[in-house]
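Structure provided below as structure tokens; questions to follow.
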Amino acid sequence: MTDITGTVAKIDGQANLVILRRFAATADEVWRELTESARLERWIGRWEGDPRTGHVTFFMTAEGDDAPPAEYTIHECDAPRRFAGDTAPDAGGWHLWFELAEDSPGDTVLTFGQRLDAGDDVGSIGPGWEYYLDRLVAAHAGVDVATVAWDDYFPALQPAYERLVAAD
């Protein structure tokens, strides 16, 4: 990967990093990739707990065994359309969201976003989400996610993401 796919958009008056991915799948299928713990674990991590309580514990298994679990608060869960939630302050306090829209039957666009707060290191955040979303695409396609190499994203995409935020 050499080019960034993310943009910065103002949403409700706040800057958000927004990245799109397209799937030859229904919104229901992509929703499962993003919300079912076993499917999430194939490309990023798993969650434990009861999401009906509005809280789960997320384990970033793609980062190795030493990544600490993060508490996650679910603010919106409108299957298979929209999800939004926050990581606990000790895990960065990130507000993450995604929306799914079918362009046509069996063709879904994922719009993934993270609200950007002052001091966020977008030069690391942007390449990180590019990497994980490409792992999602690979997992959904049945491709070994290990074929998606971190070194292709960071530090290669860091300067472009830093310029993107500087231009905002």
Side-chain angles (χ1 to χ4, degrees), residues 1-8 16-49 51 56-74 77 79-88 91-92 94-103 106-116 120-162 164:
M1 167 165 266
T2 57
D3 295 323
I4 65 171
T5 65
T7 60
V8 173
N16 280 255
L17 174 64
V18 179
I19 301 175
L20 305 179
R21 292 293 184 271
R22 181 175 296 277
F23 295 85
T26 66
D28 285 323
E29 291 174 88
V30 180
W31 180 266
R32 287 192 301 273
E33 298 286 1
L34 292 160
T35 61
E36 290 181 7
S37 187
R39 288 183 181 222
L40 269 171
E41 191 162 23
R42 298 182 313 163
W43 62 275
I44 192 167
R46 72 179 193 289
W47 57 264
E48 293 179 3
V56 294
T57 302
F58 185 75
F59 298 84
M60 189 86 160
T61 56
E63 294 292 319
D65 294 334
D66 59 347
E71 296 303 310
Y72 204 90
T73 300
I74 301 165
C77 187
R81 191 187 70 76
R82 182 168 166 75
F83 175 91
D86 294 331
T87 62
W94 288 0
H95 179 74
L96 306 173
W97 56 272
F98 66 82
E99 295 178 349
L100 298 173
E102 286 190 33
D103 278 354
D107 188 26
T108 299
V109 174
L110 161 66
T111 303
F112 175 87
Q114 177 177 335
R115 185 178 56 222
L116 299 174
D120 281 347
D121 180 8
V122 181
S124 296
I125 293 169
W129 284 122
E130 297 268 13
Y131 169 73
Y132 283 114
L133 292 173
D134 283 351
R135 286 172 56 99
L136 164 62
V137 169
H140 178 74
V143 174
D144 182 358
V145 298
T147 62
V148 180
W150 172 245
D151 291 343
D152 291 342
Y153 297 82
F154 188 85
L157 301 182
Q158 183 177 24
Y161 268 101
E162 289 171 345
L164 179 68

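Small disclaimer: the values here were computed from a predicted structure and weren't measured.
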Measuring from atom CD of Glu33 to atom CZ of Arg42, what distance do you get when rounded to the nearest 0.5 angstrom?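 Interatomic distance, Glu33 CD to Arg42 CZ, rounded to 0.5 Å: 4.0 Å.
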Any side-chain heavy atom of Thr57 within less than 4.5 Å of one from Trp47?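 Side-chain contact under 4.5 Å: no.
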Go through it in stages, so that I can follow the logic: the residues are Asn16 and Trp97, the test is side-chain hydrogen bond (donor to acceptor under 3.5 Å, both in side chains), and I'd like the CA-CA distance, side-chain angles, deciding distance and then a yes or no. CA-CA 10 Å; Asn16 280 255; Trp97 56 272; 2.9 Å; yes
Working note: Phe112 + Phe98, criterion ring pair (Phe, Tyr, Trp, His ring centres under 6.0 Å); need CA distance, chi angles, decisive distance, verdict. CA-CA 4 Å; Phe112 175 87; Phe98 66 82; 7.5 Å; no
Does His95 offer a backbone N or O that forms a donor-acceptor pair with the side chain of Arg115 under 3.5 Å?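 Not confirmed, Arg115 side chain does not pair with His95 backbone.
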Glu41 (side chain) donor-acceptor with Ala38 (main chain) under 3.5 angstrom: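 It does not hold such a pair.
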Would you please indicate yes or no on a ring centroid separation below 6.0 angstrom for Tyr72 and Phe58?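 Not under 6.0 Å, so no.
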Approximate separation, where rounding is to 0.5 Å, of Met60 CE and Leu40 CG: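 These two atoms lie 10.5 Å from each other.
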Starting from the C-alpha separation in whole Å, work towards a yes-or-no answer on salt bridge (Lys or Arg N to Asp or Glu O under 4.0 Å) for Glu48 and Arg46. CA-CA 7 Å; Glu48 293 179 3; Arg46 72 179 193 289; 3.1 Å; yes
Pair Thr5, Leu133 - check side chain to side chain contact (heavy atoms under 4.5 Å, CB included), show working. CA-CA 11 Å; Thr5 65; Leu133 292 173; over 6 Å; no
Verdict with reasoning, Arg22 to Asp103, per side chain to side chain contact (heavy atoms under 4.5 Å, CB included): CA-CA 10 Å; Arg22 181 175 296 277; Asp103 278 354; 2.6 Å; yes
Enter the distance from Thr87:OG1 to Leu96:CG here, rounded to the nearest 0.5 Å.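 Between Thr87 OG1 and Leu96 CG, I get 6.0 Å after rounding to 0.5 Å.
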Roughly how far, to the nearest 0.5 Å, is the CZ atom of Arg135 from the OG1 atom of Thr147?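 Nearest 0.5 Å value for the OG1-CZ distance: 9.0 Å.
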Can you check whether Leu20 reaches Leu110 side chain to side chain, under 4.5 Å on heavy atoms?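 A side-chain contact under 4.5 Å is absent here.
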Would you call the rings of Tyr153 and Tyr131 parallel, tilted or perpendicular, taking 30° and 60° as the class edges?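 The rings of Tyr153 and Tyr131 stand perpendicular, inter-plane angle above 60°.
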Check: Tyr161 ring centroid to Trp129 ring centroid under 6.0 Å: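 They do not qualify: ring centres at least 6.0 Å apart.
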Decide side chain to side chain contact (heavy atoms under 4.5 Å, CB included) for Ile74 and Phe83; before the verdict, give the C-alpha distance in whole Å, the side-chain angles of both, and the deciding distance to 0.1 Å. CA-CA 8 Å; Ile74 301 165; Phe83 175 91; 3.8 Å; yes
If you take all heavy atoms of Asp28 and Pro80, which pair is closest and at what distance?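 Looking at all heavy atoms of both residues, the shortest contact is OD1-CG, 3.1 Å.
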Between Arg21 and Glu130, is the salt bridge (Lys or Arg N to Asp or Glu O under 4.0 Å) condition met? List the steps. CA-CA 10 Å; Arg21 292 293 184 271; Glu130 297 268 13; 2.7 Å; yes
Leu100 vs Phe23, side chain to side chain contact (heavy atoms under 4.5 Å, CB included): CA-CA, chis, key distance, verdict: CA-CA 10 Å; Leu100 298 173; Phe23 295 85; 5.9 Å; no
From CG (Leu17) to OG1 (Thr7), nearest 0.5 Å: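 It is 7.0 Å, given to the nearest 0.5 Å.
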How about Thr111 and Glu99: does a side-chain donor come under 3.5 Å of a side-chain acceptor?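 The answer is no; no qualifying pair exists.
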